[in-house]
Amino acid sequence: MAESIFDGALSRMNDASKYTTVKQSTLDRLAHAERELTVSFPVRMDSGELKTFTGYRVLHSSIRGPGKGGIRFHPDSSLDEVRALAFWMAFKCAVVNIPLGGAKGGVICNPKELSKTELEKISREYVRAIYDVMGPDKDIPAPDVYTTPTVMAWMEDEFSKIARGNYPATITGKPVSLGGSLGRSDATGTGGFYTAAEAIKALGKDMKTATVAVQGFGNAGYHFARLMHSAGATIVAVSDSKGGIYSKEGLDPDKILNAKKQAGSVTAFNNATMMTNEELLELDVDILAPAALEDVITTANANKINAKIIIELANGPVSPDADRIIDEKGILVVPDILANAGGVTVSYFEWVQNRTGERWTLEKVQKRLKEIMVAEFKELHMLSEEKKISMRLAAYVLGLKRIAEAFEAKTG
Ligand code: GLU
């Protein structure tokens with residue numbers, strides 16, 4: 001595996017650069033983040049103990065617009081990971097062609113072990129710590145792993161209090177009552193669904209006979225499974241951090257969600273066979289959707305992947321050194337920087353609505369999202385066929401060209 005997640009991310013950009021005429025000085029610029037902020041802040045826990053937390057906010061680039069990207073609350077968050085995630089955001093925004101740059105944040109904490117009060121204090125303290133770099137024209141955070149619309153509401157409230165004003169456009173993924181966009185909460189899964197439908201068509205397959213395995217049953221994984229299920233596909237397996245479940249006849253995502261809500265894990269669902277996350281990834285299915293964290297498919301298991309299509313709902317689920325093995329197996333990978341870009345696309349719609357004082361209907365949001373996801377899928381698919389490269393490489397070529405064009409327009 002690559003030394004660091006960020007180095008792995010860069011290796012894909014460098015591979016893609018061979019298919020472009022991008023200048024070396026542009027690649028050098030993109031190999032570095034514009035700004036990296038590490039913050040620490042004390043929080044009074046419910047027990048009375050004062051505990052210090054560490055967080056990050058990295059702006060990879062504001063070349064195509066203000067920084068955009070989520071904030072992750074996770075015990076394993078690190079500067080290297082956040083740096084890679086910010087880089088991916090820059091490419092993601094370029095691939096769906098929205099006028100935003102790339103950024104990301106993280107706080108090292110375990111929300112599963114925190115009370116609601118503690119979570120609120122961490123959210124507010126984090127904003128106080130990064131306040132100077134946030135703003136509707138500077139850097140606009142959003143939800144990511146283990147952060148929710150409620151966390152965004154606390155963060156927006158804290159920002160607006162410090163700024164002594166009302167700044168809804170400073171953060172997206174807010175509750176609808178606070179200026180959040182309709183269709184944002186399920187946007188990542190919905191965008192992934194649109195790309196899966198296109199990938200199925202591209203391979204001459206049929207949604208109604210497609211089998212699907214989803215690794216990770218959080219926001220993105222659940223909505224993706226729900227939409228695939230209602231379109232007629234069979235969800236044969238789902239999993240979360242505690243393990244997975246399998247049923248040849250198919251699982252109903254809403255019933256699984258109920259079991260997860262009641263008992264904390266999909267493994268609490270009774271009418272299915274237990275399965276590990278590793279086994280789920282190796283299933284012989286039409287579609288595999290890794291929807292949790294980075295590096296779940298590596299050189300250690302890439303040879304054992306049997307899916308026909310991989311929809312990368314997570315960021316970075318396939319490690320760069322496993323790409324070649326997956327390509328050689330003929331698996332069609334819809335890369336993360338397109339497959340999960342529905343989230344940031346609707347975040348962009350939210351930001352536009354907040355800035356113009358408009359409220360879009362759900363129909364308008366979904367129509368625009370579908371147009372973008374389908375158009376960019378087709379563009380990448382065409383590029384990959386034309387240049388005989390993977391869709392991932394095609395996505396990096398397209399993203400790099402768009403970022404480089406803006407950078408080179410500024411720098412001459
Ligand atoms: N966290 C999501 C992502 O990785 C959404 C980011 C956003 O909406 O700004 O794309």
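As the structure lists them, so they are numbered: ligands from 1, and atoms in each ligand from 1. Everything numeric here is computed off the predicted structure, so don't read it as measured data.
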### Message
Testing the 3.5 Å rule here: is there a donor-acceptor pair between the side chains of Arg184 and Ser347?
### Response
yes
### Nearest-contact summary for atom 8 (O) of ligand 1 - protein heavy atom, Å
Ser347 OG, 2.5 Å
### Query
Among all protein non-hydrogen atoms, which one is nearest to atom 9 (O) of ligand 1, and what is the separation to 0.1 Å?
Lys68 NZ, 2.8 Å
### Query
If you count the atoms of ligand 1 from 1 in the order shown, which ones are under 4.0 Å from a heavy atom of Lys104?
1 (N), 3 (C), 4 (O)
### Query
From Glu81 CD over to Leu85 CG, what is the distance, rounded to the nearest 0.5 angstrom?
5.0 Å
### Polar atom proximity, Asn315 to ligand 1 (N or O, under 3.5 Å)
yes
### Task
Check the angle between the aromatic planes of His60 and Phe87 and answer parallel, tilted or perpendicular using the 30° and 60° thresholds.
perpendicular
### Task
Please say whether the positively charged group of Lys364, taken as NZ for Lys or CZ for Arg, lies over the ring of Trp360, i.e. under 6.0 angstrom from the six-membered ring centre and within 45 degrees of the axis.
yes
#### Entry: Closest candidate by heavy atom, reference atom 2 (C) of ligand 1, pool Gly69, Gly173, Pro143
Pro143
### Query
Tell me, do Glu156 and Val151 make a side-chain contact under 4.5 Å, heavy atoms counted?
no
### Distance filter under 4.0 Å to Asp144 heavy atoms, resulting ligand 1 atoms
1 (N), 2 (C), 4 (O)
#### Entry: Top protein contact for atom 3 (C) of ligand 1, by heavy-atom distance
Lys92 NZ, 3.3 Å
### Summary
dist Phe159:CZ -> Met134:CE (nearest 0.5 Å) comes out at 5.5 Å
## Note on the structure
Counting heavy atoms under 4.0 Å, the part of Val346 that contacts ligand 1 is neither
### Message
Students should be able to answer this: which protein heavy-atom is nearest to atom 5 (C) of ligand 1, and at what distance?
### Response
Arg184 NH2, 3.6 Å
### Task
Please identify which atoms of ligand 1 are closer than 4.0 Å to at least one heavy atom of Gly343.
8 (O)
### Query
By number and element, which atoms of ligand 1 are closer than 4.0 Å to a non-hydrogen atom of Met89?
3 (C), 4 (O), 6 (C), 10 (O)
### Summary
The closest protein heavy-atom partner of atom 7 (C) of ligand 1 is Ala142 CB, 3.3 Å
